[in-house]
Each structure stands twice: as C-alpha cells, then as structure tokens.
A.B. asks: 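Sharing a structure, written as structure tokens. Questions coming.
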2 protein chains.
Amino acid sequence: MDKDRPNESWDIAQVPDLDRIDVGILRLLQNNARLSVKEIAAEIGLAPSTTHERVRRMRETGILWGTHVEVNPKALGIGLEALLMIELSKHNRGIVDQFLDDIVSVPEVRSAFLVSGRYDLVVHVVVHDTQHLKDLALDQFTIRPGVTRIETSIIFDARRRYELPVFRSLR
Amino acid sequence: MDKDRPNESWDIAQVPDLDRIDVGILRLLQNNARLSVKEIAAEIGLAPSTTHERVRRMRETGILWGTHVEVNPKALGIGLEALLMIELSKHNRGIVDQFLDDIVSVPEVRSAFLVSGRYDLVVHVVVHDTQHLKDLALDQFTIRPGVTRIETSIIFDARRRYELPVFRSLR
DNA sequence: GCTGAAATTAAGACATA
DNA sequence: TATGTCTTAATTTCAGC
C-alpha cells in the first residue's frame, strides 16, 4: 500500500509465478531477514546456489521489497503509542493525498491509513508521554485545515505478525 | 509493544546509553537492514570493526530486535486491507488478553491493538477481496463471545515510516 | 573505545547437467 | 531449473593503540 515501490501494481496476469518453495523462502525471510542463503537452503532442502537464485529473482521482480530492523521503542524514549482517528471536512482528492504526504513527514507518525467508515484517517503515532501526545495532537493535527474532529485512542497492548498469508494459487 | 522479546521493558534507569553515532546506525538499519557493516561504517565515518562492535552491542542489549523482509502483498494475492474496529462487552483482563492472543493467530491479521476510546480493539487485516473480508469478519470476529460490534474500515491508501524518532537525551 | 589486520564464513557468478 | 565449484566480499575475532 506504500508509494514509490518497484512493481507495486502488477496487472493480475503479470503477477510473477510462485511455487511452494518460494513461499517457504518468503516465510523464513519475513521472520528473519538475516538468515543466510545457506541456512534457508538447509531449511527448505535445496542447494544454496538454487536458493540464492530464487531469492535474487524475487528481489528483481519486486516480490521482495526492502528489509528493516526493528528497534526497541523504549530505547529511544518512546513511552506511549496511540491511534489518532481523524475526520476531514473535505474529501477532495488532492487535499486528502496532500494531507497523507504531509503527516507522514511528522517524526511521530509511524503509519497513516486513508479509510472508509466513520473516520477518514487512522494515524499510528509514537510519543514520549501523555504531555507529548497532547502537544502533538494539537500542534500537528487539530490545527490542520480540513480536520473537523480527532479522537485519540491510547494503545495499551499490541500484537504483530510479520508473515503475510497467501491467497493465490501456486505453480 | 509486542510480547516475548528480550529486554522489552527496561527500568527507566537501565535503558542502555546511546550516542549520536548509535542513533545514526539505527536510522540506517531501520531503512535497510541489509546494509553491510562496511557501508554503514563509510556512511557514518567510523572503522568497520568499530561499527560492527556497536551493532553487536545493540543487538545484545535488546536495542535492536529482529529484521524482516517486506513482501509485496499483491504477489501473494492480497488485494484488500482493512481495519476492524471492535467493541467488546466485557473488559475482564483475562478475556481481553486471550482475545488478542487468539486473533493474532488468524492468518489474515497483521496487527492488533488494544486501545482506549470508542472501540476496544483495532485490528489490521489483509484479504484477497471484499467477499473474503465479509467472510473473515463474520467467521472470525462477529462470532466471538464478547464482541458486541464491529465497524469495518477499508484501507484506500497508506503511508509508512520505518524510522522511529528519538525522544531521549543522548550520551 | 577505536583501529587495522587476520581468519572464518557468506554472497554472488558461472559452467555443467 | 538444480547443482557444485570458484572468486569476491562480507562478517567476526583479536592484538595493539
């Protein structure tokens, strides 16, 4: 769903073929991007060079995008996370796109979703404490033109999965 | 915010010291976990072995967690993402924790947040199409005991940042 | 805590089947 | 498309500053 990525939108007929081995490789790498080709090969029962070629191909065709390390938020002084549920007054395309682009440059913003339903935007932010959250909401969101209402939901607990499921037929 | 990680919750006095160089390394690795130590060293102007030692230390102390590759959702047949806003009837701790643990084992769930405010849970799901989304909502969420209401927000567009900001003093 | 060099291991290219 | 070999490049360790 992010912008500016290679091969983000394939024609449905152009989506590269994948088989069960490819999916196995993807599963391993989504959970640990630092696995060596040798380790992956041993896990899935293929020769390292073959495994290497498959990984290379998936990178080239845009199935595999970037890799990211996870950093412990507490180590950076992040003590609180929240979801900001935002209602906009105007749904003009240009305004909404600009809004998305603007807020993603705010350091506290981790992700921003343009959605259907009661709200128009859901924004995941990370902050130091409640004071910081209040200042952020007021200075960066309430103040923006087009914003009619913000509801702040503090995140008490979270769970994440790093492995995407497969909803297509495999070769 | 995730469970079962090393050093997830440091005492505020025990948070490891970081300096600007460490933060620079973290910034680079959050955007590209495949950077070689040599490349990082060149970028920040340090010797590779020193850089390596800093990375090793941050891994050991739990500042750096895992690494993950990003996979193009379209390559796996994922055509639609949504946020499910869920209201629960009972706020008994055990029930809520169990609920979180249960839904994170549903393949379509990417992340689940326990939050304050109008809803109790916000769940990010990935599906093939709208039919799939309907089935998922009914079969996996509406059906669960304790769920009183679900609002489905389809995600039209999204932006993400992979770099966490720093809200603490540095050595 | 930083450096530079040495040893170990991995990545990436290629010829072959 | 899979494999084994080979070359290049990286990681990781360590003695010295």
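For the numbers below, each heavy atom of this structure counts, side chains included, while hydrogens, waters and symmetry mates do not. As the structure is a computational prediction, the values presented were derived from the model and not from experiment.
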A.B. asks: Taking only the side-chain heavy atoms of K38(B) (C-beta and beyond), determine which of dA10(D), dT11(D), dT3(D) contains the nearest atom.
C.D. replies: dA10(D)
A.B. asks: Expressed as a whole number of angstroms, how long is the span from E39(B):CD to dA10(D):P?
C.D. replies: 7 Å
A.B. asks: Would you kindly give the CZ-to-P distance between R20(B) and dG1(C), to the nearest whole Å?
C.D. replies: 16 Å
A.B. asks: Between R144(B) and D139(B), is there a side-chain N and carboxylate O pair less than 4.0 Å apart?
C.D. replies: no
A.B. asks: With respect to the phosphate group of dG12(C), does any side-chain polar atom (N or O) of H52(A) fall under 4.0 Å of OP1 or OP2?
C.D. replies: yes
A.B. asks: Where each residue is assigned the nucleotide of DNA chain C containing its nearest heavy atom, which of I21(B) and R34(B) is assigned the position nearer the 5′ end?
C.D. replies: I21(B)
A.B. asks: Regarding E53(A) and T50(A), is there a side-chain donor-to-acceptor distance under 3.5 Å anywhere?
C.D. replies: no
A.B. asks: Respond yes when some side-chain nitrogen or oxygen of R54(B) is under 4.0 Å from OP1 or OP2 of dC2(C), and no when none is.
C.D. replies: yes
A.B. asks: Considering every strand and a 4.0 Å limit on heavy-atom distances, what is the contact class for S36(A): base, sugar-phosphate, or nothing?
C.D. replies: sugar-phosphate
A.B. asks: Should Y162(B) and E70(A) be marked as a side-chain hydrogen bond (donor to acceptor under 3.5 Å, both in side chains) after you check the CA-CA gap, both sets of side-chain angles, and the distance that decides it?
C.D. replies: CA-CA 9 Å; Y162(B) 295 98; E70(A) 267 184 284; over 6 Å; no
A.B. asks: Using whole Å, report how far CD1 of I40(B) lies from C1' of dT11(D).
C.D. replies: 12 Å
A.B. asks: How many Å lie between CD1 on I25(A) and P on dT1(D), as a whole number?
C.D. replies: 13 Å
A.B. asks: Find the distance E53(A):CD to dA13(C):P and express it as a whole number of Å.
C.D. replies: 10 Å
A.B. asks: Nearest to the side chain of S49(B), which nucleotide is it out of dA10(D), dT5(D), dT3(C)?
C.D. replies: dT3(C)
A.B. asks: Using modelled atom types only, decide if a donor and an acceptor are shared between the side chain of D135(A) and the backbone of H132(A) within a distance under 3.5 Å.
C.D. replies: no
